[in-house]
A.B. asks: 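Input: one structure, supplied below.
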Protein chains: 2
Amino acid sequence: MQNSSVEHGPGPSVPAGALTTGTMYAPTCRGREVLDRVGDKWSLQVLAVLADRTMRFGELRRTIDGISQRMLTVTLRTLERDGIVIRTMYPVMPPHVEYALTPLGKTLLEAASAFIIWAEAHVDLIEEARADYDARAADEAGPEGFRTS
Amino acid sequence: MQNSSVEHGPGPSVPAGALTTGTMYAPTCRGREVLDRVGDKWSLQVLAVLADRTMRFGELRRTIDGISQRMLTVTLRTLERDGIVIRTMYPVMPPHVEYALTPLGKTLLEAASAFIIWAEAHVDLIEEARADYDARAADEAGPEGFRTS
DNA sequence: CAGTATCCCAGTAGATACTG
DNA sequence: CAGTATCTACTGGGATACTG
């Protein structure tokens, strides 16, 4: 995925130095796939819960509550594969398995924390914005010959 | 979808220096929906691109490249609704529309930047971990008498 | 130029049932 | 307990065609 066609003419549309602010982000490259990975419905949840302590499968299932058995398994497997959590199995009866964050997982959680905190801090503002937007939208679509009088 | 029981017991679960990682995150609440929103396939991309400067619809389309017309529209609408980008239309012929980050959008991008940067910085490590994992998985399933040589 | 409207498929997640 | 297997429903998103 690259910008093969920036050629919208010989125009000086990009003043060469316009890339001051951003540029650093621009998940145009492979970082995307990591974001996709961790940006799914459950990964961050699992991460956040494991931040506190090591947990067993059943504990995670009960703690996260809302997650299905299958999705917990899938999520944990992927995180394990990515080196973000580590799975320790004790071959006893009944089985005992523990999940913990790896050092990599901890750095991830740290990096994501600002994001998570932002989300929680601004959720109200966003919902307000939505209400506003919807109200305005209704305003534009609403006055459809309702001049009853 | 709430975490009815963050308490799974009388846990002094966080030992002494479990690093800064404590209970502070836990996207258990409404922050989740915000994360879902921005965590989709295109939002962060759009945000990152708009970090540089205001852009027109077509510019975004060409810059992000890979995004379809439909998804750009959908993404922009949602971001606008959430108060993260602002849409300015100049009713001329042909139409001229510009998109920019709102102040809220800028704070979001800032919050997300650590995350994005982490992703780009660790993508190699992660892919390595994956290769390892796959190799080990193949090892466990593979040794089926395939000692050909 | 900047969209909207449809159609449609692939992938994702939920529920359920079974197992070492 | 800690999974795997399967079946299905839902939806995100691409392709395409049309419009003010």
Side-chain angles (χ1 to χ4, degrees), chain A residues 1 5 7-9 11 13 32-33 35-46 49-50 54-82 85-100 133 137 140-141, chain B residues 1 8-9 32-33 35-46 49-50 54-82 85-100 133 137 140-141:
Chain A
M1 284 240 190
S5 58
E7 38 77 22
H8 31 48
S13 21
R32 273 267 356 127
E33 70 186 67
L35 258 42
D36 278 348
R37 166 109 320 309
V38 169
D40 69 7
K41 194 174 180 184
W42 300 111
S43 291
L44 274 183
Q45 298 252 65
V46 171
V49 168
L50 284 179
T54 291
M55 278 190 151
R56 301 181 55 172
F57 187 88
E59 288 183 299
L60 286 167
R61 194 152 123 71
R62 269 174 276 114
T63 302
I64 295 181
D65 147 304
I67 197 171
S68 64
Q69 212 168 29
R70 194 181 93 90
M71 287 320 295
L72 181 54
T73 302
V74 170
T75 304
L76 285 170
R77 281 290 172 283
T78 313
L79 291 174
E80 188 197 356
R81 188 169 107 103
D82 287 357
V85 310
I86 182 148
R87 175 178 183 272
T88 311
M89 183 186 36
Y90 303 92
V92 297
M93 233 354 222
H96 184 118
V97 179
E98 292 196 331
Y99 292 91
Y133 183 94
E140 277 157 39
Chain B
M1 200 205 284
H8 27 59
R32 273 269 353 129
E33 70 186 66
L35 257 43
D36 278 348
R37 168 110 318 309
V38 169
D40 68 4
K41 194 173 180 184
W42 300 110
S43 291
L44 273 182
Q45 299 252 65
V46 172
V49 167
L50 285 178
T54 291
M55 278 190 152
R56 301 182 54 172
F57 186 90
E59 288 183 299
L60 286 168
R61 195 152 123 72
R62 269 174 275 114
T63 302
I64 296 182
D65 150 302
I67 197 171
S68 65
Q69 212 166 30
R70 193 180 94 92
M71 287 320 296
L72 181 55
T73 303
V74 170
T75 304
L76 285 170
R77 282 289 173 282
T78 313
L79 291 174
E80 188 196 357
R81 188 169 107 103
D82 287 357
V85 309
I86 181 147
R87 174 178 184 272
T88 312
M89 185 187 31
Y90 304 92
V92 297
M93 237 345 229
H96 184 118
V97 180
E98 293 195 333
Y99 293 91
Y133 183 94
E140 278 158 37

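Note on naming: letters A, B, ... go to the chains in the order of the sequence lines (proteins, then strands), and numbering restarts at 1 for each one. Because the structure is a prediction, the values reported are computed rather than measured.
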A.B. asks: Would you say the side chain of A:M93 lies within less than 4.5 Å of the side chain of A:P95, judging by non-hydrogen atoms?
C.D. replies: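 Sidechains of A:M93 and A:P95: in contact.
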A.B. asks: By nearest nucleotide on DNA chain C, pick out whichever of A:M93 and A:I67 is the more 5' one.
C.D. replies: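 Whichever sits nearer the 5' end wins; that is A:I67.
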A.B. asks: For B:L72 and C:dC1, give me the distance from atom CG to atom C1', rounded to whole Å.
C.D. replies: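 B:L72 atom CG is separated from C:dC1 atom C1' by 13 Å.
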A.B. asks: Which listed nucleotide (D:dA2, D:dG13, C:dG14) is nearest to the side chain of A:M71?
C.D. replies: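 The answer is C:dG14.
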A.B. asks: Find the partner of C:dG20: check Watson-Crick (N1-N3 plus N6-O4 or O6-N4) and G-U wobble (N1-O2, O6-N3) distances, both under 3.5 Å, and reply none if neither fits.
C.D. replies: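 With both distances under 3.5 Å, C:dG20 matches D:dC1.
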A.B. asks: Classify A:R61 by what it touches in the nucleic acid, base, sugar-phosphate, or nothing, heavy-atom distance under 4.0 Å.
C.D. replies: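 Touches nothing.
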A.B. asks: Between B:R70 and D:dT16, is there a side-chain N or O to OP1/OP2 distance below 4.0 Å?
C.D. replies: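 No, outside the criterion.
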A.B. asks: Determine which nucleotide pairs with C:dA13, using a 3.5 Å limit on both distances of a Watson-Crick or G-U wobble pair.
C.D. replies: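 The answer is D:dT8, by the H-bond criterion.
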A.B. asks: Within the structure, does a side-chain N or O atom of B:R77 lie under 4.0 Å from either OP1 or OP2 of C:dT4?
C.D. replies: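 Affirmative; the distance criterion is met.
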A.B. asks: Taking only side-chain nitrogens and oxygens of A:R56, does any of them come within less than 4.0 Å of OP1 or OP2 of D:dA2?
C.D. replies: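 Answer yes for this pair, as a side-chain N or O of A:R56 is under 4.0 Å from OP1 or OP2.
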A.B. asks: Is the closest side-chain heavy-atom distance between A:Y99 and A:R56 below 4.5 Å?
C.D. replies: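 The answer is no, as the side chains (C-beta and beyond) never meet within the 4.5 Å cut-off.
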A.B. asks: Check the distance between D:dT4's P and A:F57's CZ and give it to me in whole angstrom.
C.D. replies: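 To the nearest whole Å, that distance equals 8 Å.
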A.B. asks: Just wondering, do B:Q69 and B:R61 contact through their side chains at under 4.5 Å, heavy atoms?
C.D. replies: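 Heavy-atom side-chain distance check passes, below 4.5 Å.
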A.B. asks: Need to verify one output field. Residue with the more 5' nearest nucleotide on DNA chain C, A:P95 or A:S68?
C.D. replies: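 So the residue in question is A:S68.
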A.B. asks: Rounded off to whole Å, could you give me the NE2-to-P distance for the A:H96 and D:dA2 pair?
C.D. replies: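 Checked: the NE2 to P distance equals 7 Å.
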A.B. asks: Can you tell me how far P of C:dA2 sits from OH of B:Y90, to the nearest Å?
C.D. replies: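 Those two atoms, OH and P, are 12 Å apart.
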A.B. asks: Ignoring the backbone of A:Q69, work out which of C:dA13, C:dG20, D:dT4 is nearest its side chain.
C.D. replies: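 Closest nucleotide among those given: D:dT4.
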A.B. asks: I'd like to know if B:K41 and A:D36 make a salt bridge, using a cut-off of under 4.0 Å between side-chain N and carboxylate O.
C.D. replies: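 The answer is no: the pair does not qualify as a salt bridge.
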A.B. asks: State, with a plain yes or no, whether a side-chain heavy atom of B:W42 is found less than 4.5 Å away from one of B:L72.
C.D. replies: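 They are not in contact (no side-chain heavy atoms under 4.5 Å apart), so the answer is no.
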A.B. asks: Between D:dT4, C:dC1, C:dA15, spot the one nearest the side chain of A:T73, thanks.
C.D. replies: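 Per side-chain heavy atoms of A:T73, the pick is D:dT4.
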A.B. asks: To the side chain of B:K41, which of C:dG14, D:dG14, C:dC1 is closest?
C.D. replies: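 Among the listed nucleotides, the one closest to the side chain of B:K41 is D:dG14.
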A.B. asks: Please state how far atom CE in A:M55 lies from atom P in D:dA2, giving the value in whole angstrom units.
C.D. replies: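 Whole-Å distance recorded here is 12 Å.
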A.B. asks: Without decimals, in angstroms, what is the distance between A:M89 CE and C:dG20 P?
C.D. replies: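 Those two atoms, CE and P, are 15 Å apart.
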A.B. asks: Do any side-chain nitrogens or oxygens of B:Y99 fall under 4.0 Å of OP1 or OP2 in C:dC1?
C.D. replies: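 No, because none of the side-chain N or O atoms of B:Y99 sits under 4.0 Å from OP1 or OP2 of C:dC1.
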A.B. asks: Nearest whole Å is fine: how far is D:dG14 P from B:D65 CG?
C.D. replies: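 Taking atom P of D:dG14 as the reference, CG of B:D65 is at 12 Å.
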A.B. asks: How are the rings of B:Y90 and B:H96 set relative to one another: parallel (under 30°), tilted (30 to 60°) or perpendicular (over 60°)?
C.D. replies: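 B:Y90 and B:H96: perpendicular rings.
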A.B. asks: To the nearest Å, give me how far apart CD (B:E98) and P (C:dG3) are.
C.D. replies: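 Distance check: B:E98 CD to C:dG3 P gives 12 Å.
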